[in-house]
J.: 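What follows is a structure written as structure tokens; I'll ask about it next.
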There are 2 protein chains.
Amino acid sequence: MPKLVANEIATMLKKRISAGEWFQDGRMPPERDLAAEFGVARNTVRRAVGFLEEDGTVVRHVGRGTFLTATDPTSIAAMVSRMEGTSPADMMEIRQLLEPAAAAFAATNASATELNAVREAHQAACEASDMPDFEHWDAEFHHRVFACCRNDFLKEIHNLMRAIRNQSPWFEMKKRSFSEERRQVYCREHQALLDALVCRDPDGAKTAMLIHLKTVEKNLLGR
Amino acid sequence: MPKLVANEIATMLKKRISAGEWFQDGRMPPERDLAAEFGVARNTVRRAVGFLEEDGTVVRHVGRGTFLTATDPTSIAAMVSRMEGTSPADMMEIRQLLEPAAAAFAATNASATELNAVREAHQAACEASDMPDFEHWDAEFHHRVFACCRNDFLKEIHNLMRAIRNQSPWFEMKKRSFSEERRQVYCREHQALLDALVCRDPDGAKTAMLIHLKTVEKNLLGR
DNA sequence: CTACATTGGTTCAATATTGGATCAGATAAA
DNA sequence: TTTATCTGATCCAATATTGAACCAATGTAG
């Protein structure tokens, strides 16, 4: 069941743990200190830490303190939690690695039905009236390109990237960098990519995707 | 200025949900906040949210809040479990996409310390006496190349691939395809890659990695 | 060893937050 | 007009948070 402030505090604590905050001695600050730091009552911190105790990321001892359990860095859960802290710059670098290649795969592998799905997402993005609507169809467009690749693993990697980018700090960033002018540029670039796909032109698709991602990077990171 | 009706608000909310706005903890803002944000009475927001509740996209709890029900397709756990079923062919395709690029990054970004770590893993693999030992240092060699990339996300993707390949069906496959002769080929190819890295030759490193992975693919998939 | 400070464990009453429900009046469309 | 919808307001019920006090286990200084 979802929780409120306590849950948010638990999330913050997890982030700071996975960022390596208290790894030197594995000991967390006292609950009273955390309460003061977060500006909430100790009871609330206690609930938050209770959640961490439930998933076993932490153990508590009366009179001694709260300690991190030795998390296996090779566990998939640990990897995923580290991935969630991916910086926008790192993410864009990998997108520029994967997505042009995916576009090239798509040009040779896509079925007519799949290409139609890409086209539909493109048109919906072009007709979108506001930022969340456009954002949705933009993401859907990229996702449907990956769906054409016939490589399930690649598709899942893209799902992972999409999920990371859907987290709130990213959302704020995208909202800041959005403008009607940029939306129209994106639509033109999507169109170029779509054209290359229907022409079954792998190199053209690859190039079109790379150009598009360079634009996105410039808008998002401001460089 | 068009008037906001409950239905329109409902569709706006749906868009924002599908754009990933509140996925971080699945909790929507309080109705009173939404009412203020949309500049509309709370009753109207209540009807709008009521529609979302009817389609089951949302559940409401008195005193707690309104929560998204859609967790599944975007759940990271679900993605990872799908990834675990990745076929060797799909995996090799993505390795050939990522690892040559990673090798190129490594050639330009690696510190001397990191290059030494790569060399150590290479030597340990060359001196390995049995297949599990070699397998370990081989994986470690590739991992240390990724560690040179200065892109944490890329490093984690490689961790993920490594974890998947460490599962038992993969191990059996690797055991079948192993031979002393092949081990020596791998060592020579690793050496070529290492040489390119210490020469700070991105293109050479990329090519060496690609050649190596083609060999691995041929041995593993028999084609 | 003793005395004291620190820290997590527990409980309780008061307050704040949040969704649920209803009503009278205003506004707009048919 | 009639009908439907939105508004602004009020109260209720369920849940969360607060602030405080006290307990028990542990560590530390003397």
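Labels below follow one simple rule: chain letters A, B, ... track the order of the sequence lines, proteins then strands, and each chain is numbered from 1.
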J.: Does any donor-acceptor pair link the side chain of B/Arg32 with the base of C/dG19 at a separation under 3.5 Å?
T.: yes

J.: Between D/dT15 atom P and B/Phe67 atom CZ, what is the distance in whole Å?
T.: 11 Å

J.: Between A/Gln191 and A/Asp195, do the side chains contain an N or O donor and an N or O acceptor separated by less than 3.5 Å?
T.: yes

J.: Atom CZ of A/Arg64 to atom C1' of D/dA24: distance rounded to whole Å?
T.: 15 Å

J.: Without decimals, in angstroms, what is the distance between A/Arg47 CZ and D/dG19 C1'?
T.: 16 Å

J.: Thinking salt bridges, do B/Arg16 and B/Glu37 make one under a 4.0 Å N-O criterion?
T.: yes

J.: Please check the phosphate of C/dT18 (OP1 and OP2 only) for any side-chain N or O of B/Thr66 closer than 4.0 Å.
T.: no

J.: Does a nitrogen or oxygen in the side chain of A/Thr44 sit under 4.0 Å from OP1 or OP2 of D/dT18?
T.: yes

J.: For A/Met28 and C/dG8, give me the distance from atom CE to atom P, rounded to whole Å.
T.: 9 Å

J.: Give a yes or no answer on whether the side chain of A/Asn151 reaches the backbone of B/Asp90 with a donor-acceptor pair at less than 3.5 Å.
T.: yes

J.: Could you pick out which residue, A/Arg42 or A/Gly63, lies toward the 5' side of DNA chain D when each is mapped onto its nearest nucleotide?
T.: A/Arg42

J.: Atom CD1 of B/Ile9 and atom C1' of D/dT5: how far apart are they, to the nearest Å?
T.: 12 Å

J.: Would you call A/Glu189-A/Arg182 a salt bridge at under 4.0 Å N-O?
T.: no

J.: Checking only heavy atoms, does the side chain of B/Asp33 share a donor-acceptor pair with the base of C/dT17 at less than 3.5 Å?
T.: no

J.: Looking at A/Glu53 and A/Arg46, is there a salt bridge between them, counting it only when a charged N and a carboxylate O are closer than 4.0 Å?
T.: no

J.: With heavy atoms under 4.0 Å as the rule, sort A/Val40 into base, sugar-phosphate or nothing.
T.: sugar-phosphate

J.: Could you give the CG-to-P distance, from B/Asn43 to C/dG19, as a whole number of Å?
T.: 13 Å

J.: Roughly, in whole Å, what's the span from CD in A/Glu31 to P in D/dT18?
T.: 14 Å

J.: Rounded to the nearest angstrom, tell me the gap between atom CZ in A/Arg27 and atom C1' in D/dT26.
T.: 10 Å

J.: Go nucleotide by nucleotide along DNA chain C from the 5' end; which of A/Val62 and B/Glu53 gets its closest nucleotide reached first?
T.: A/Val62

